[in-house]
Amino acid sequence: MNKEKVVLIGNGMAGIRTLEEIIKREPSRFQFTVFGAEPHPNYNRILLSSVLQGDASVSDIVLNDYDWYERNQIELFTGDAVVRVDCRKKEVWSASGIKRTYDRLIFATGSDPFMLPLPGAEKEGVIAFRNIADCESMINAAKSYQKAVVIGAGLLGLEAARGLLNLKMDVDVIHIADHLMDRQLDSDAGKMLKAELEQQGMQFHLNKKTVKINGHKRVKGISFSDQTSIKADLVVMAVGIRPNVQLAKQSGLKVNQAIVVNDYMETSEEDVYAVGECAEHRGIVYGLVAPLYEQGKVLAEHICTNTSNEVSGYKGSIVSTKLKVSGVNVFSAGAFRDQDETKSIRIHDEFAGVYKKLVVKNNQVVGAVLFGDTNDANRILSLIRSGEDISAISKAALFPSETNDSSPSVVATMADEETICGCNGVSKGEIVCAIKEQGLSTVAEIRQCTNASRSCGGCKPEVAELLALTTGTDIMAKPEPLCGCTELTHEAVVASIREMGLSYVREVISVLGWKSEEGCSKCRPALNYYLGLISPLDYTDDAHSRFVNERVHANIQKDGTFSVVPRMYGGVTNPEQLRKIADVAEKYNVPLLKVTGGQRIDLLGVEKEKLPNVWRDLGMRSGYAYGKTLRTVKTCVGEDFCRFGTQDSISLGIEIEKKYEGLNTPHKVKMAVSACPRNCAESGIKDVGIVGVEGAWEIYVGGNGGVDLRSAELLCKVETNEEVMETISAFLQYYREQATYLERTSHWIERVGLESIKKVIFDDSIERAALIERMEMALSRHKDPWTEIVESEEKQNQLFEKKKIAVKQGGGM
Ligand SMILES: Cc1cc2nc3c(=O)[nH]c(=O)nc-3n(C[C@H](O)[C@H](O)[C@H](O)COP(=O)(O)OP(=O)(O)OC[C@H]3O[C@@H](n4cnc5c(N)ncnc54)[C@H](O)[C@@H]3O)c2cc1C
Ligand SMILES: NC(=O)c1ccc[n+]([C@@H]2O[C@H](COP(=O)([O-])OP(=O)(O)OC[C@H]3O[C@@H](n4cnc5c(N)ncnc54)[C@H](O)[C@@H]3O)[C@@H](O)[C@H]2O)c1
Ligand code: SF4
Ligand code: FES
């Protein structure tokens with residue numbers, strides 16, 4: 001039977017949540033196609049603030065990785081916006097010319113940041129804060145510039161300002177109103193917030209209207225209507241958002257401020273729906289995820305049930321917000337402004353820095369502002385939502401955290417129907433039920449099962465507390481399981497594989513009772529690694545359990561093309577290799593040739609289907625620039641050419657690279673050999689770094705030159721190249737066997753301590769010999785992947801032919 005075709009325009013938070021909700025109800029009824037204008041899989045936009053503030057990396061905030069799309073047979077086009085829709089013919093076209101027909105079409109195009117139309121707004125260094133690219137621009141600007149100006153002291157502007165402070169910039173915040181967060185706070189709370197943020201280092205300019213951006217090519221400053229001006233090397237505009245409705249308008253949909261929808265998210269056109277920030281429901285456009293997720297749920301139910309009678313429909317939401325700046329507790333909900341017909345209950349303790357206000361209308365709480373202590377936020381939100389008559393409720397019961405000294409646990413006193421996770425609308429009762437019925441024992445499992453804590457993450461402490469209360473355990477003491485599919489830790493899984501002689505990924509999943517039959521993108525690569533480690537001679541690598549880069553043996557780039565990095569042992573090349581590379585670059589129109597930090601040449605921008613031919617023409621071995629394996633062995637010129645060299649670093653580097661290339665390791669491994677302590681090959685920041693000293697080699701381990709910069713530690717000093725090779729074998733094999741999958745040597749050494757490693761690889765000669773033997777066994781299986789692929793038509797068809805269901809563009813897993 002032909003599946004119903006659902007096309008989604010917008011690969012963002014609301015759209016993809018809607019697909020998740022549909023798949024939960026009807027896993028195989030629909031064939032989905034997703035177009036996303038951004039070159040990324042679906043990510044958590046909310047946590048861009050955490051990325052900017054240095055608390056998360058871009059890869060941490062991916063909500064659905066490429067494997068999720070593949071697993072659910074979702075055709076994904078990233079970096080490819082839909083530019084035309086014909087609602088009559090039920091067709092959509094993308095910018096790159098792709099056409100799809102649909103049975104149902106969902107608009108989830110979100111919003112664009114509002115850029116003040118000021119003279120000079122087009123200058124370099126004037127940006128918004130909406131996506132990964134903006135976040136990266138700010139992080140890069142902070143490396144070269146000092147003075148940042150944020151225009152707009154709303155939620156976004158203040159979170160951006162905190163991030164820029166963390167990036168060590170001087171931050172001025174320009175605000176048009178007389179108090180901060182005027183759309184969320186009253187003036188008392190706004191003033192308290194200002195004082196707190198000034199203490200953190202922000203400088204505020206209130207009641208200021210920006211009229212001009214100054215500078216030539218790049219911004220140099222901004223001028224105000226009162227004839228004053230300030231300097232700026234970077235200007236971030238955070239003055240609100242505008243629904244992205246251009247395409248909808250062109251397609252003939254009814255649009256006011258946003259795409260007009262009814263209670264079932266139906267637009268004015270048949271079988272066309274809208275969710276998220278691009279939708280206007282009963283005259284309201286929302287800009288926070290909680291209402292958007294509610295809309296997604298309603299739309300999923302509507303699409304799955306086919307009849308509106310069975311679905312209650314979306315009735316609108318009462319929104320609440322919290323500012324995500326550490327050290328500041330601010331909460332705002334509902335109609336928080338004082339009106340003629342409202343009265344308020346306030347607590348204002350200037351000594352303690354606490355302010356609480358409940359706005360009451362007809363004996364019902366309709367809005368609230370909390371500053372300094374937001375413990376009562378969930379309770380107050382429940383009161384607003386339920387519309388309960390509060391005339392009989394005492395003040396103590398309205399603000400329990402004010403009076404209840406003996407029971408600090410707000411979570412314990414919450415009623416079951418009260419919401420713990422505002423973003424995802426998950427109540428205390430639902431979480432308790434999931435913990436009990438499904439035997440959940442970590443916050444990660446609760447997140448996977450209920451979505452609680454999956455968005456802003458602000459409710460994590462409450463979820464953790466509720467877990468502890470429900471299970472009666474100290475969850476902090478409980479070791480983290482391998483992933484949400486199991487309660488077993490990495491160590492327990494490895495022990496079971498060994499004891500039970502398990503030999504392939506599906507067998508582990510089934511025998512060890514995984515909660516998901518398929519496993520997930522976290523456990524499958526780990527199991528594949530552990531199985532290969534335990535049975536190096538018998539195990540057949542499971543390509544489907546590898547990250548996308550390792551599966552296609554190339555590094556996927558931001559624009560969906562791939563990079564090709566051939567091996568150059570020890571960073572040494574010759575005219576023949578260079579000629580081949582040049583010929584290939586010309587023949588395939590490679591847009592960029594780049595010398596890498598690992599001393600080899602990167603051919604960037606190669607299309608996926610061209611990869612086998614490129615490698616065939618190169619005839620060189622894979623540089624594994626994409627794998628959890630040995631990447632490079634960087635070398636300095638050494639004794640033959642350098643007047644300081646005391647050793648032959650190049651020969652040793654080449655010998656090491658030839659021996660360990662292709663070895664599967666828990667994470668990538670980088671090495672270097674320098675022929676004297678001047679360390680030109682940067683041996684001090686490598687996983688294994690060798691340094692020549694008079695008549696000997698020093699071996700350093702656990703260095704890292706990336707985000708977590710760490711100096712390598714001295715492991716030992718040896719005299720001969722043979723001893724270097726033996727020591728590397730013992731060290732690397734011990735790392736392979738003891739570290740958990742995706743643990744770098746630096747983190748592993750920090751966790752277990754270098755002395756404990758030395759004890760095994762130096763003090764226990766039997767264990768050292770056994771480690772070296774097991775390393776030899778593992779190395780004996782290695783074959784160059786590209787040599788195999790160019791010889792096998794079947795592999796080429798499997799991996800590189802243009803497929804209908806394909807991840808079209810984007811980077812990483
Ligand atoms: C830094 C930051 C922090 C935030 N913090 C919070 C918070 O703490 N709490 C909260 O509730 N909310 C927060 N938000 C708001 C929240 O992220 C948004 O409300 C939410 O992401 C909106 O979801 P959406 O799917 O409607 O839009 P989006 O997530 O913006 O997704 C829309 C997607 O559609 C794509 N698109 C647009 N047009 C086309 C086209 N023609 N073809 C294909 N694709 C297209 C866009 O590129 C975009 O990727 C924050 C936002 C930002 C920027
Ligand atoms: N923690 C959170 O919940 C969070 C965090 C970030 C973003 N967001 C969401 O992202 C969206 C964008 O956030 P936002 O802060 O840009 O929107 P916003 O509308 O909440 O705030 C914009 C602020 O800019 C001010 N402003 C307007 N024009 C100005 C001007 N010319 N000069 C100086 N100030 C001016 C306004 O007074 C307002 O306070 C919103 O939907 C917001 O809810 C939420
Ligand atoms: S590390 Fe020493 S030997 Fe090697 S290039 Fe630098 S100075 Fe010369
Ligand atoms: S409150 Fe935002 S994730 Fe739970």
Side-chain angles (χ1 to χ4, degrees), residues 59 65-67 505 521-533 536 539-557 561-571 596-604 606 608 611-612 614-615 618 620-634 656-672 686-688 704-706 728 732-733 735-736 739-748 775 778-790 795 798-800 807 811-813:
S59 58
D65 59 30
Y66 287 114
D67 273 20
V505 173
S521 55
K522 209 168 165 195
C523 61
R524 288 185 71 104
L527 293 180
N528 187 45
Y529 170 74
Y530 292 136
L531 287 160
L533 172 77
Y539 181 63
T540 309
D541 192 78
D542 178 4
H544 296 293
S545 296
R546 285 205 176 252
F547 290 94
V548 64
N549 285 345
E550 297 186 36
R551 223 164 30 232
V552 298
H553 290 282
N555 236 337
I556 193 163
Q557 304 296 309
T561 61
F562 287 80
S563 78
V564 166
V565 186
R567 181 73 72 190
M568 281 180 183
Y569 296 98
T596 71
Q599 297 183 333
R600 48 225 192 144
I601 294 175
D602 196 345
L603 293 87
L604 287 143
V606 180
K608 189 175 167 191
L611 288 170
V614 165
W615 280 101
L618 281 172
M620 294 169 73
R621 289 170 77 87
S622 169
Y624 275 101
Y626 45 81
K628 312 277 175 277
T629 177
L630 170 65
R631 293 282 175 94
T632 54
V633 182
K634 196 169 177 173
I656 294 173
E657 191 159 351
K658 287 200 164 163
K659 183 169 175 100
Y660 299 104
E661 70 174 313
L663 177 73
N664 284 322
T665 42
H667 210 306
K668 62 186 166 194
V669 169
K670 296 183 178 180
M671 300 200 204
K686 300 294 176 202
D687 296 277
V688 178
N704 192 333
I728 295 178
L732 274 189
Q733 183 62 18
Y735 164 57
R736 293 178 75 232
T740 55
Y741 185 66
L742 295 187
E743 191 172 33
R744 286 294 294 266
T745 57
S746 50
H747 294 139
W748 173 57
M775 171 60 86
L779 291 171
S780 70
R781 278 292 302 270
H782 173 244
K783 288 192 194 119
D784 181 67
W786 278 108
T787 314
E788 283 197 290
I789 293 166
V790 293
K795 278 202 167 147
Q798 259 175 18
L799 293 170
F800 301 102
V807 172
M813 191 171 195

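The structure presented is a predicted model; accordingly, all values stated were derived computationally and were not measured.
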Looking only at non-hydrogen atoms, find the nearest pair between Pro525 and Lys522 and report the distance. CD-O, 3.8 Å
Please name the pair of heavy atoms, one in Arg621 and one in His782, separated by the smallest distance, quoted to 0.1 Å. NH2-CE1, 3.7 Å
Ring pair (Phe, Tyr, Trp, His ring centres under 6.0 Å) partners for Phe562, two or more places apart: none
Would a distance-only check, ignoring hydrogens and angles, find a side-chain to backbone donor-acceptor pair under 3.5 Å from Asn664 to Tyr529? no
So, for Leu663 and Ala778, which heavy atoms are closest and what is the spacing to 0.1 Å? CD1-CB, 4.2 Å
Distance-only, no hydrogens or angles: does the Asn555 side chain make a donor-acceptor pair with backbone N or O of Ala625 under 3.5 Å? yes
Under a 4.5 Å cut-off applied to non-hydrogen side-chain atoms, are Met775 and Leu732 in contact? yes
For Arg567, enumerate each residue passing the salt bridge (charged side-chain N to carboxylate O under 4.0 Å, His left out) test, keeping only those at least two apart in sequence or located in another chain. Glu657, Glu661
So how far is it from Thr632 OG1 to Tyr624 OH, rounded to the nearest 0.5 Å? 14.5 Å
Do Thr596 and Ile601 have side chains that approach each other closer than 4.5 Å (heavy atoms only, starting at C-beta)? no
Side chain to side chain contact (heavy atoms under 4.5 Å, CB included) between Val505 and Tyr530, intermediate numbers included: CA-CA 10 Å; Val505 173; Tyr530 292 136; over 6 Å; no
Atom CD in Gln733, atom CG in Leu779: separation rounded to 0.5 Å? 8.5 Å
Within-4.5 Å side-chain heavy-atom neighbours: Val606 and Val564: yes
Are the side chain of Tyr569 and the backbone of Val633 linked by a donor-acceptor contact shorter than 3.5 Å? no
Measuring only between side-chain heavy atoms, which start at C-beta, is Pro566 closer than 4.5 Å to Trp615? yes
Assess whether side chain to side chain contact (heavy atoms under 4.5 Å, CB included) is satisfied between Ile656 and Ile728, documenting all intermediate values. CA-CA 9 Å; Ile656 294 173; Ile728 295 178; 3.6 Å; yes
Results of side chain to side chain contact (heavy atoms under 4.5 Å, CB included) for Gln599 - residues two or more places apart only: Lys634, Thr635
For residues Thr665 and Thr629, report the shortest heavy-atom separation together with the two atoms involved. OG1-CA, 3.1 Å
Nearest-0.5 Å distance, CG of residue Asn704 to OG1 of residue Thr745: 7.0 Å
Distance-only side-chain donor-acceptor flag, Asp687 / Tyr735, under 3.5 Å: no
Without swapping roles, check the side chain of Ser545 against the backbone of Asn528 for a donor-acceptor pair under 3.5 Å. no
Contact check, side chains of Val669 and Arg744, non-hydrogen atoms, under 4.5 Å: no
CG/Leu630 to OH/Tyr660 distance, rounded to the nearest 0.5 angstrom? 10.0 Å
Rounded to the nearest 0.5 angstrom, the CZ-CZ distance for Arg600 and Arg631 is 8.0 Å
Per the salt bridge (Lys or Arg N to Asp or Glu O under 4.0 Å) rule, which among Lys668, Lys628, Arg524 passes with Glu550? Lys628
So, taking the atom named OG in Ser563 and the one named CG in Asp602, what distance separates them when rounded to the nearest 0.5 Å? 4.5 Å
